[in-house]
S.K.: 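Sharing a structure here in structure tokens format.
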Amino acid sequence: MAVKVRYAPSPTGSPHVGNLRTAIYDWLLAKKEGGEFLVRLEDTDRSPDRYAPESIADIEESLRYLGILPDSWWVTGGKDTPYVQSERLPLYAEIVEGLIAQGHAYKCFCTKERLEQMRQRQQELGIPSGYDRRCRNLPLDDRARYEAENLPYVVRLAMPLEGTCLLKDAVRGEVKYEYRLQDDQVLLKSDGFPTYFLAATVDDRLMGITHILRGEEWLGSAPKMIHLYNVLEWEAPVFAHLPVILGTDRKKLSKRHGSTNFRAFIEQGYLPEALINFLVLLGWSTGEENRELLSINEIIERFSLSGITEHPAIFDYEKLKWMNGHYIRSSQPGRITGLCIPYLVKAGLLSNPPTPEEVAYARRIIPLEQERMKVLSEVVDLVGFFFKELNYPNGYDEKAIAKWMGVAHIKALLEKEIAAFESLPEWTTEAIEAASRAIGEELGVKFAEVVHPTRVATTGQTVGPGLFETLWALGRERTLERLRTVLAHLS
RNA sequence: GGGGAUAUCGUCUAGAGGUUAGGACGAGGGAUUUUCAGUCCUUAAGCCGGGGUUCGAUUCCCCGUAUCCCUACCA
């Protein structure tokens, strides 16, 4: 049977990297096995504080950005339509009616207040918590009366009171559960919407899903779903429970640890291939081959559920940065330039939209800083000196001035450079370097004693790309202007 | 309180009944000298504890401990 996997996000905010990793694994499995990758929107939680329909666009964008496009989803449709659970309500209602008729599920009229009190009492007494099943054994005339009164109700799954459930997990092997310890899970809420347990089970079945990849936090609820499959007489798909991703304090990754949602990573400038490569490695490895830097195709070739780790992984932002830097460095300069320009526009360094001259300038300077970038957003600080008026000495690094603007040969150096640069037939890195070396010899100082003061005078700082590439990119006019300004202040 | 999962350098991980326990990030040192970054070389750093099984366990089993997850009309 062909593999069919699904990613089933909820519109409760910008996607979390943990969910994205699940989506990546889903996509990889589908690609590897020549199967189908389906994405379904699980929008059954309508409570105003969680339901965030505007995040649907984020979900779509995250998949597009990563390049893990679904074979079928609500955006492009497909043969399992609709892909949005709120549009599938009648399907769930029908299943629930059948379950009630067969005694596998029952209406529960308990109020939230009663359930709350029950839970509190259970906690005080130190006994296992869970629904006390009062409505499971409700006398018939009570139920008839409640129904006649139109009391709100939920539908609960009647779990077996004995026996064990054996889950065969693709990453964890066999896990056993006692049915009697399982709660009578709510399947249908009082607002008529299904819960995850019902909706996901029904949809996975109707959509022909063969493998369910989900976070380990779902492991404990597997027996409820397996029981549902059993009473519905459906064959259960393969379950694969993925290790959770933790923050540096070993707690479930959350906003406290820094960025966790897709949007934040994009804004900081992480490349899709870096995100995928890093996320994939958080819980999966190539095994003996021992490689970490892998292209998408190399990952697809090697991917398998058996390579998935069983223990939680801590999200290492440093390693992600390193990996992103690696992918930036190995990208075509044109691509990085294009990706960086919006950051410069946003920072006000370029007009909105940028003029052709500005774009040409950006194309000259951004590649010079490419190997220094870990994330794209750093470009703003890295190339700032190319754009800003330096205004000696205020715009200059204090320590840089202290170290190099007071050296004995500074005035002679600047004077000679201005004269030499003015008369240079061609403004090329080679010509600039040759002239600079000649000046150094004339002055009888070491080459470094030419380079460092010149760098400070023209850039205001001590770090940056190679000096002659910098001056070349800066252009003859800007270079001369900066040298003259500094010289004027020194005189 | 109950249930479940997991346990190899600080972090991500590989690994096998006998290995100098391998790689990567990060950290330290060195080289390249036009700074920073990069690149190359290099060093330090690990099998949770206790019982078994075994000639031999870090590896297999049990117990303990620790950590994480679940225990909602959220997913």
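Owing to the predicted nature of the structure, the values given are computational and were not obtained by experimental measurement.
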S.K.: May I ask you to verify if any side-chain N or O of A:Lys403 is less than 4.0 angstrom from the OP1 or OP2 atom of B:rU35?
M.R.: no
S.K.: Once ring pair (Phe, Tyr, Trp, His ring centres under 6.0 Å) is applied, what residue pairs with a partner in residues 159-186 of chain A remain, sequence neighbours excluded?
M.R.: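 Matches after skipping sequence neighbours: A:Tyr179-A:His227.
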S.K.: A:Trp74: which residues meet the ring-ring contact (aromatic ring centres under 6.0 Å, His included) condition with it, sequence neighbours left out?
M.R.: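 A:Trp74 satisfies ring-ring contact (aromatic ring centres under 6.0 Å, His included) with no other residue.
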S.K.: For B:rG49, which nucleotide is its Watson-Crick or G-U wobble mate, given both distances must be under 3.5 Å?
M.R.: B:rC63
S.K.: Would you mind pulling out the nucleotide paired to B:rU58, Watson-Crick or G-U wobble, both distances under 3.5 Å?
M.R.: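 Matched B:rU58 with nothing under the 3.5 Å cut-off.
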S.K.: Suppose you measure atom C1' in B:rU8 against the same atom in B:rU58; what distance do you get, rounded to whole Å?
M.R.: 8 Å
S.K.: Grab the CD1-P distance between A:Ile226 and B:rG4 for me, whole Å please.
M.R.: 15 Å
S.K.: So does A:Arg40 pair up with A:Glu42, basic N to acidic O under 4.0 Å?
M.R.: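 The answer is yes: the pair qualifies as a salt bridge.
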S.K.: Please name all residues satisfying ring-ring contact (aromatic ring centres under 6.0 Å, His included) with A:Tyr343, sequence neighbours left out, ordered by chain then number.
M.R.: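 Once residues adjacent in sequence are excluded, A:Tyr343 has no partner under the ring-ring contact (aromatic ring centres under 6.0 Å, His included) criterion.
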S.K.: Test A:Asp184 against every option in A:Arg134, A:Lys224, A:Arg136 by the salt bridge (Lys or Arg N to Asp or Glu O under 4.0 Å) rule and name the one that passes.
M.R.: A:Arg136
S.K.: For A:Glu433, check side chain to side chain donor-acceptor pair (under 3.5 Å) against everything at least two apart and list the hits.
M.R.: A:Arg437
S.K.: Run the side-chain contact (heavy atoms from CB on, under 4.5 Å) test against A:Glu298 and tell me which residues pass, sequence neighbours left out.
M.R.: A:Arg291, A:Leu294, A:Ser295, A:Arg302
S.K.: Using purine N1 to pyrimidine N3 plus N6-O4 or O6-N4 for Watson-Crick, or N1-O2 and O6-N3 for G-U wobble, each under 3.5 Å, what pairs with B:rG26?
M.R.: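 No nucleotide pairs with B:rG26.
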S.K.: Tell me if the side-chain of A:Glu292 makes a donor-acceptor pair with the base of B:rG23, cut-off 3.5 Å, by modelled atom types.
M.R.: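 Yes.
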S.K.: Just the rounded figure in Å: distance from P of B:rG38 to CG of A:Leu368.
M.R.: 17 Å
S.K.: Enumerate, atom names and distances included, each donor-acceptor pair closer than 3.5 Å involving a side-chain atom of residues 117-124 of chain A, sequence neighbours excluded.
M.R.:
{"from": "A:Arg119", "atom 1": "NH1", "to": "A:Glu116", "atom 2": "OE1", "distance (Å)": "3.4"}
{"from": "A:Gln122", "atom 1": "OE1", "to": "A:Gly130", "atom 2": "N", "distance (Å)": "3.2"}
{"from": "A:Gln122", "atom 1": "NE2", "to": "A:Gly130", "atom 2": "O", "distance (Å)": "2.8"}

S.K.: Starting from C1' on B:rC25, measure out to CZ on A:Arg291 and report it in whole angstrom.
M.R.: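 Taking CZ of A:Arg291 and C1' of B:rC25, I get 17 Å after rounding.
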S.K.: For A:Phe262, which residues count as a ring-ring contact (aromatic ring centres under 6.0 Å, His included) partner, sequence neighbours excluded?
M.R.: none
S.K.: Between A:Val463 and A:Glu310, who's closer to the 5' end of RNA chain B by nearest nucleotide?
M.R.: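 The residue closer to the strand's 5' end, by nearest nucleotide, is A:Glu310.
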S.K.: Could you give the distance separating B:rG17 and B:rC61 at their C1' atoms, to the nearest angstrom?
M.R.: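 Per the computed distance, 14 Å lies between those C1' atoms.
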S.K.: From NZ of A:Lys321 over to C1' of B:rA24, roughly how many Å is that when rounded to an integer?
M.R.: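 Value for this atom pair: 18 Å.
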S.K.: Just to verify, what does A:Ala274 make a side-chain contact (heavy atoms from CB on, under 4.5 Å) with, not counting sequence neighbours?
M.R.: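 In terms of side-chain contact (heavy atoms from CB on, under 4.5 Å), with neighbours along the sequence ignored, A:Ala274 is linked to A:Leu271, A:Asn324, A:Tyr327.
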S.K.: Just one of A:Leu382, A:Leu376, A:Val380 clears the side-chain contact (heavy atoms from CB on, under 4.5 Å) bar with A:Cys340, so which one?
M.R.: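 In the set A:Leu382, A:Leu376, A:Val380, the residue that makes a side-chain contact (heavy atoms from CB on, under 4.5 Å) with A:Cys340 is A:Leu376.
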S.K.: Looking at every strand, decide which applies to A:Phe468 at a 4.0 Å heavy-atom threshold: base, sugar-phosphate, or nothing.
M.R.: base
S.K.: Checking all strands, does A:Gly283 fall into the base, sugar-phosphate, or nothing category for heavy-atom contacts under 4.0 angstrom?
M.R.: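 Sugar-phosphate contact only.
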S.K.: With sequence neighbours left out, write down each residue that passes ring-ring contact (aromatic ring centres under 6.0 Å, His included) with A:Tyr25, or none if nothing qualifies.
M.R.: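 Applying ring-ring contact (aromatic ring centres under 6.0 Å, His included) to A:Tyr25 gives A:Phe303.
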S.K.: For B:rA14, give the paired nucleotide (Watson-Crick: N1-N3 plus N6-O4 or O6-N4; G-U: N1-O2 and O6-N3; both under 3.5 Å), or none.
M.R.: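 Looking at the geometry, B:rA14 pairs with no nucleotide.
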S.K.: Specify the separation, in whole Å, of atom CG of A:Leu167 and atom P of B:rG4.
M.R.: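 Answer to the nearest Å: 13 Å.
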S.K.: Grab the CZ-P distance between A:Arg172 and B:rA5 for me, whole Å please.
M.R.: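 Answer to the nearest Å: 9 Å.
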S.K.: Side chain of A:Trp322: nearest nucleotide among B:rU35, B:rG3, B:rA24?
M.R.: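 Per side-chain heavy atoms of A:Trp322, the pick is B:rA24.
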S.K.: When you check every protein heavy atom under 4.0 Å of nucleotides 67-75 of chain B, what one-letter string (B, S, -) results, 5' to 3'?
M.R.: SSSSSBBSB
S.K.: Looking only at the side chain of A:Ala313 (C-beta and beyond, no hydrogens), which of the listed nucleotides B:rC25, B:rC36, B:rU13 gets closest?
M.R.: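 Among B:rC25, B:rC36, B:rU13, the one nearest the side chain of A:Ala313 is B:rU13.
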S.K.: Check every strand shown and say whether A:Pro243 touches a base, only sugar-phosphate, or nothing at a heavy-atom separation below 4.0 Å.
M.R.: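 Nothing: the residue A:Pro243, judged by heavy atoms under 4.0 Å, touches no strand.
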S.K.: Restricting to nitrogen or oxygen on both sides, can you table the protein-nucleotides 59-65 of chain B pairs closer than 3.5 Å?
M.R.:
none

S.K.: Mind checking A:Leu282 for me? I need base, sugar-phosphate or nothing, with any heavy atom below 4.0 Å counting as a touch.
M.R.: sugar-phosphate
S.K.: Just checking, any donor-acceptor pair under 3.5 angstrom between side chains of A:Thr111 and A:Arg114?
M.R.: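 There is no such pair between these side chains.
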S.K.: Please report the distance separating the P of B:rC40 from the corresponding atom of B:rG4, rounded so that it comes out in whole Å.
M.R.: 49 Å
S.K.: Base, sugar-phosphate, or nothing for A:Phe278, non-hydrogen atoms under 4.0 angstrom?
M.R.: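 Touches nothing.
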S.K.: Both distances under 3.5 Å, Watson-Crick or G-U wobble: report the partner of B:rC68, or none.
M.R.: B:rG4
S.K.: Should B:rU39 form a Watson-Crick or G-U wobble pair with both distances under 3.5 Å, which nucleotide is its partner?
M.R.: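 Pair assignment: B:rU39 / B:rA31.
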S.K.: Tell me which of A:Gln182 and A:Lys374 sits closer to the 5' end of RNA chain B, going by the nucleotide each one is nearest to.
M.R.: A:Gln182
S.K.: For A:Asp397 and B:rU35, give me the distance from atom CG to atom P, rounded to whole Å.
M.R.: 17 Å
S.K.: Could you tell me how far B:rG28 sits from B:rC70 if I compare only their C1' atoms? Round to whole Å.
M.R.: 43 Å
S.K.: Can you check the distance between B:rU42 and B:rA5, where both ends of the measurement are the P atom (answer in whole Å)?
M.R.: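 Approximately 44 Å lies between the P atom of B:rU42 and that of B:rA5.
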S.K.: Do any N or O atoms of the protein come closer than 3.5 Å to N or O atoms of nucleotides 14-17 of chain B, and which pairs are they?
M.R.:
{"from": "B:rA14", "atom 1": "OP1", "to": "A:Ser285", "atom 2": "OG", "distance (Å)": "3.4"}

S.K.: Taking A:Val39 as the fixed residue, which of A:Leu63, A:Val5, A:Asp26 is the one that meets the side-chain contact (heavy atoms from CB on, under 4.5 Å) rule?
M.R.: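 Of the listed options, the one satisfying the test is A:Leu63.
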S.K.: Measure the distance from NE2 on A:His326 to P on B:rC40 and round it to the nearest whole Å.
M.R.: 11 Å
S.K.: What's the gap between B:rA66 and B:rU20 when it is taken at their C1' atoms, as a whole Å value?
M.R.: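 These two C1' atoms come out 31 Å apart once rounded.
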S.K.: Write down the distance separating the C1' atoms in B:rC36 and B:rG18, rounded off to the nearest Å.
M.R.: 49 Å
S.K.: With rounding to whole Å, what would you report as the distance between B:rA44 and B:rG30 at their C1' atoms?
M.R.: 15 Å
S.K.: Would you say the side chain of A:Arg214 lies within less than 4.5 Å of the side chain of A:His241, judging by non-hydrogen atoms?
M.R.: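 A side-chain contact under 4.5 Å exists here.
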